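The next block holds one structure in the form of structure tokens; read it before the comments.
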Amino acid sequence: MQTSAEIREGFLSFFEEKGHLRRPSASLVPRADDRSTLLTSAGMQPQMPFFLGLERPPAPLTTTAQKCFRTPDIEEVGLDTYHLTFFEMLGNFSFGQYFKDGAIEYASEFVRDRLQLDWDRMWVSVHAGDPELGLGPDEVAIELWKRIGMPAERIVPLPSSENFWSVGGPGPCGPDSEIYYDWGEDAGCGEPDCLPGCTRCERFLEFWNLVFMEYELHPDRRLTPLPKQNIDTGLGLERTARIVQQVPSVYDTDGYQLIMAWIAAESGTAYGDSAVATKAHRILADHGRGMTFMVGDGVLPGNEGREYVLRRIIRRAVQQARTIGLERLHRLTGVVVEQMEEAYPELREHAETIDRVVRQEEERFTETLERGMKLFEELAGEGAISGEQAFTLAATYGFPIELTVELAEERGQAVDLDGFQAEMGRHREISRGTGEKGAVQRAADFAREAGFETEFVGYAKVDVLTQIGTLEELGDGTFLAKLRESPFYPAGGGQVTDQGWIEHDGDGSIRAELVEAYRFDADQALLFRGEGFAAGDRVRAVVPWSVRFPTMTNHTATHLLQAALREVLGQHVTQAGSAVRPDKLRFDFSHGAQLTGEEREQVEQRVNRAIFANAPVHTFETTLDEARSLGAMALFGEKYGDIVRVVEVPATSTELCGGTHVRTTAEIGLFAILSEGSVGGGARRIEAVTSGEAWAALRARAEEGDELRAELEAVRRELRRKPAVAPAAVPEPELRVEAVNGVNLVVEAVDGIDADALLELSDRFKQRHAPAAVVLGSAGEGGVSLVANFDPAVAEKVSASDVIRAAAPLVGGGGGGRPTMARAGGKDAARLPDALAEAERLIRAAL
């Protein structure tokens, strides 16, 4: 019996023997110009630029084992024998070489000779034709299947919904042919029309899809032939292993049983002990693989997009682990790494980061789960859960709506999802930019059809005379253009798209402003707003130096910043994202704790020391292997080609980077950190400025210091006028401290102290429990005093001044202050609990 690893290696070796170049899996994070899915969901997805003709494939024939993740059925995982989120897709690809004959011959040879499966149990489906598309039945595929020994009765024509592949709209497409394994009549529904494609039973398991990509679908539903006939195939490893190993479900294959054996040993609960145990084991095995690979490709838990997908599966796994007594779930990632690292070596490279990210999210959610479960249990006895209750669980207690629904279904309860969405709509506006995907695809088509590749000259020039090679009016005052030479940098590697314009050569009065630059590998297409331009025009293309130069200083500064962070905090620090703009830079990095004041100062000093050293900044191209041998840092989760661009500051920093940079570090001028805070999932964020913006920030910092010194002196003078109070006269009360998403929250009423003592007490608790958000109130004969005292990291998410302004009216008063500290007074002592409750609600919602 072949293992999953042996099937994977056997597939790749087989196609290598057939002249295919073995390529490593692409990242689960799609390319920056691929906005079709949050995560790579098919083996062909990374190949699309080759099929579209936007890029040259690395070889005419390739083969891959691609890691994939599909999000729609997350809640279905664990309920049946086959739903998965993470899976592996084995593929062989032909770019204009062999077509249907080669694909079918290779597939049948591999199934019969290498997998040695029972050919009598094989069925195939083919495209039945589609009058709307002007296509008849795929007779060529039918005859080819017959030629290699497939009986006619086991060749099943199916409609376009089953056997015609497209990108979901205009683009490359073609009929396909799928291979099924027949589990036998006993597994069927008993109906006479039970054939491949039957939706009533699981008798026929589709495990290999052969796509004959030979057409382009146009918006008007016309089909035209592609320049080349291509082959794209996908063999599901987990399904194939189930067939080879003759087991009842994918979860019974060796790929999952090794993981489940560890779960059973650690929890004391075996797979199959009960329905609860079976569900938990399946979810943990699938989600454990998914979370490991996602973090390994640079995804961190968050509240949007793929980051939220990761958070969902980690939190769903944590909840299921509790049902079988499994603690410290993060250890499961080590089991996955050990099992899969030979095929995916990046897992071992990032094993420590994977463990740390999952552990931190697990710890954070465990606190959330304990609070939320208490409220959920209260609601569980009251019938259906209303939308408002579900929203409270989500917004106040951090309880994901998916978990609320799943737990409610286990208890036979309903959740008012419409009401929940209505509540969400009232509290926040979600904007997703639905037209973006279409705009990028249109630009991609435009670039491909131009017939030439734009030369990017922006590393050396920001003002260039060039020609519009081709142009397409879009009808809304904008147009797409491709220049022969372009100084415009398209967004990539964290650096934003350049600003700039084109103007007629010799007539600067006719100008079009750059709206967006689209990157397609080494090529680009440009979107402009303006009129009076046509293909063939000679134009001047300009990136203003006032925009490009600060962008360059900020980008080089991010490299110095990463080097400084690794020196001060440790070599575990890796880049988790960045945004390089003309006005400032943002740098996200892996680190589990807030920087101390001393660490922040050291980082800033080290960056400025590197700037004042006036070191040269070298850029050069080399092979990926050579760059790694030089110690070049790569962006976590990013995939690179065989030839890469290296940016080096000798003895300080060596990184793979395609961005624009200064010539020497001294050109950066100055560097100043504006803020440092958490972005969740074990990642921190620094925002900083350089050059003139840094000078302004440092001057403002000095002026603020002068003001604070003046305030301190005024306080000292006031204290000298007051009689001294013995420390014992104001005893420190016991205040409740609660951890909320990594922040220690203190919201309490304190009796018998005045406003100044209240402020001093809040300072003590803020420093003792950092990072903290402290809100205290006291009622006396003179009225009510309120103080909000927040850590700077907390103030980035919610302002103390905003909290006080919202709470103070409830006690009949008002107040204000800074984002980190604010105070208020009022008259209505009876409403102090209401004011404190409103303050706590606002803080929890923000955290």
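What you see is a predicted model; the values in this text were computed from it and never measured.
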Carefully, step by step, assess Q45 and T37 under the rule side-chain hydrogen bond (donor to acceptor under 3.5 Å, both in side chains). CA-CA 9 Å; Q45 191 169 336; T37 59; 2.8 Å; yes
Under 6.0 Å from the NZ atom of K228, do we count more than 12 heavy atoms belonging to anything else shown? no
Are side-chain heavy atoms of I643 and T623 found at a separation under 4.5 Å? yes
So, are K146 and E143 salt-bridged, with charged N and O less than 4.0 Å apart? yes
With side-chain contact (heavy atoms from CB on, under 4.5 Å) as the criterion, how do L624 and R628 come out once you've worked through the C-alpha distance, each side chain's angles and the decisive distance to 0.1 Å? CA-CA 6 Å; L624 180 58; R628 285 177 170 158; 3.9 Å; yes
Side chains of F110 and L235: does their closest heavy-atom pair fall under 4.5 Å? yes
Got more than 12 heavy atoms from elsewhere within 6.0 Å of CD, E16? yes
Are the side chains of V211 and N209 in contact, using a 4.5 Å heavy-atom criterion? yes
How about R56: does its CZ atom have over 12 heavy atoms from other parts shown lying under 6.0 Å from it? no
Measuring from atom CD1 of I179 to atom CG of L210, what distance do you get when rounded to the nearest 0.5 angstrom? 5.0 Å
Would you say the side-chain atoms of R242 pair up with the backbone N or O of V247, donor to acceptor, closer than 3.5 Å? yes
Is any side-chain N of the basic residue among R328 and E362 closer than 4.0 Å to the acidic one's carboxylate O? no
So, does E185 use its side chain to make a donor-acceptor pair with the main chain of G190 at under 3.5 Å? no
Between R23 and T64, is there a donor-acceptor pair closer than 3.5 Å when you use the side chain of the first and the backbone of the second? no
Around atom CG of D113, are there more than 12 heavy atoms from other residues, nucleotides or ligands closer than 6.0 Å? yes
Could you tell me which non-hydrogen atom of V357 sits nearest to which non-hydrogen atom of P301, and how far apart they are? CG1-CD, 3.5 Å
For T233 and N92, indicate whether the former's side chain and the latter's backbone hold a donor-acceptor pair under 3.5 Å. yes
Considering all heavy atoms, the nearest T269-H281 contact: O-NE2, 2.8 Å
With a 6.0 Å cut-off on ring centres, are F293 and F69 close enough? no
Can you tell me how far OG of S4 sits from CD of Q257, rounded to the nearest 0.5 angstrom? 10.5 Å
Minimum heavy-atom separation for G255 to Q339, with atom names? O-NE2, 3.0 Å
Should the pair K18-E105 be classified as a salt bridge under the 4.0 Å nitrogen-to-oxygen rule? no
Ring pair (Phe, Tyr, Trp, His ring centres under 6.0 Å) pairs, two or more places apart, involving residues 235-256: Y251-Y256
Any V124 side-chain heavy atom under 4.5 Å of I104 side chain: no
S25 side chain to K67 backbone, donor-acceptor under 3.5 Å: yes
Please walk me through it: do E214 and K100 pass side-chain contact (heavy atoms from CB on, under 4.5 Å)? CA-CA 10 Å; E214 58 180 322; K100 296 181 183 181; 3.8 Å; yes
Are side-chain heavy atoms of L326 and R331 found at a separation under 4.5 Å? yes
Tell me, do H350 and T574 make a side-chain contact under 4.5 Å, heavy atoms counted? no
Using 4.0 Å as the upper bound for N to carboxylate O, is an ion pair formed by R316 and D286? no
Distance alone, cut at 3.5 Å: any donor-acceptor contact between the side chains of T40 and Q66? no
Would you tell me whether R282 and Y271 have side-chain atoms, one donor and one acceptor, within less than 3.5 Å of each other? yes
For H20, the option from F14, F11, Y98 that meets ring-ring contact (aromatic ring centres under 6.0 Å, His included): Y98
Establish, from distance only, whether the side-chain atoms of T353 and H572 form a donor-acceptor pair under 3.5 Å. no
In plain terms, say whether D182 and R154 are close enough for a salt bridge, that is, a side-chain N and a carboxylate O under 4.0 Å apart. no
Going by heavy atoms in the side chains, are L144 and R147 under 4.5 Å from each other? yes
Rounding to 0.5 Å, atoms CD (E109) and OH (Y106) come to a distance of 8.5 Å
What do you reckon, is CD of E626 surrounded by more than 12 foreign heavy atoms closer than 6.0 Å? yes
Chi angles and distances behind the side-chain contact (heavy atoms from CB on, under 4.5 Å) call for Y215, S166: CA-CA 9 Å; Y215 299 112; S166 73; over 6 Å; no
So, does T85 use its side chain to make a donor-acceptor pair with the main chain of R70 at under 3.5 Å? no
Is a side-chain donor or acceptor of E361 paired with a backbone partner of R315 at a separation under 3.5 angstrom? no
Got more than 12 heavy atoms from elsewhere within 6.0 Å of CD, E6? yes
Determine whether more than 12 heavy atoms belonging to other residues, nucleotides or ligands lie under 6.0 Å from atom CD of Q246. yes
Where is the tightest heavy-atom contact between S160 and D130, given as atom of each residue plus distance? OG-OD2, 2.7 Å
Going by heavy atoms in the side chains, are L195 and W123 under 4.5 Å from each other? yes
Please find the pair of heavy atoms, one from V126 and one from A141, that lie closest to each other, and give the distance. CG1-CB, 4.1 Å
To the closest 0.5 Å, what do you measure between CZ (R239) and CD (E206)? 6.0 Å
Here the gap from T292 atom OG1 to F86 atom CZ, rounded to the nearest 0.5 Å, amounts to 9.0 Å
Do the rings of W145 and W119 sit parallel, tilted or perpendicular, given the 30° and 60° boundaries? tilted
Please walk me through it: do D193 and R200 pass salt bridge (Lys or Arg N to Asp or Glu O under 4.0 Å)? CA-CA 10 Å; D193 61 342; R200 297 182 298 268; 2.7 Å; yes
N/O donor-acceptor pair under 3.5 Å between S13 side chain and G10 backbone: no
At their closest point, which heavy atom of L28 faces which heavy atom of P30, and how far apart are they? O-CD, 3.3 Å
Check ion pair R8-E342 (N to O, under 4.0 angstrom): no
side-chain contact (heavy atoms from CB on, under 4.5 Å) between Q2 and L115: does it pass, once the steps are laid out? CA-CA 8 Å; Q2 296 184 55; L115 296 180; 4.2 Å; yes
State whether the side chain of T253 and the backbone N or O of V250 hold a donor-acceptor pair below 3.5 Å, judged by distance alone. yes
Roughly how far apart are E266 CD and L284 CG, rounded to 0.5 Å? 12.0 Å
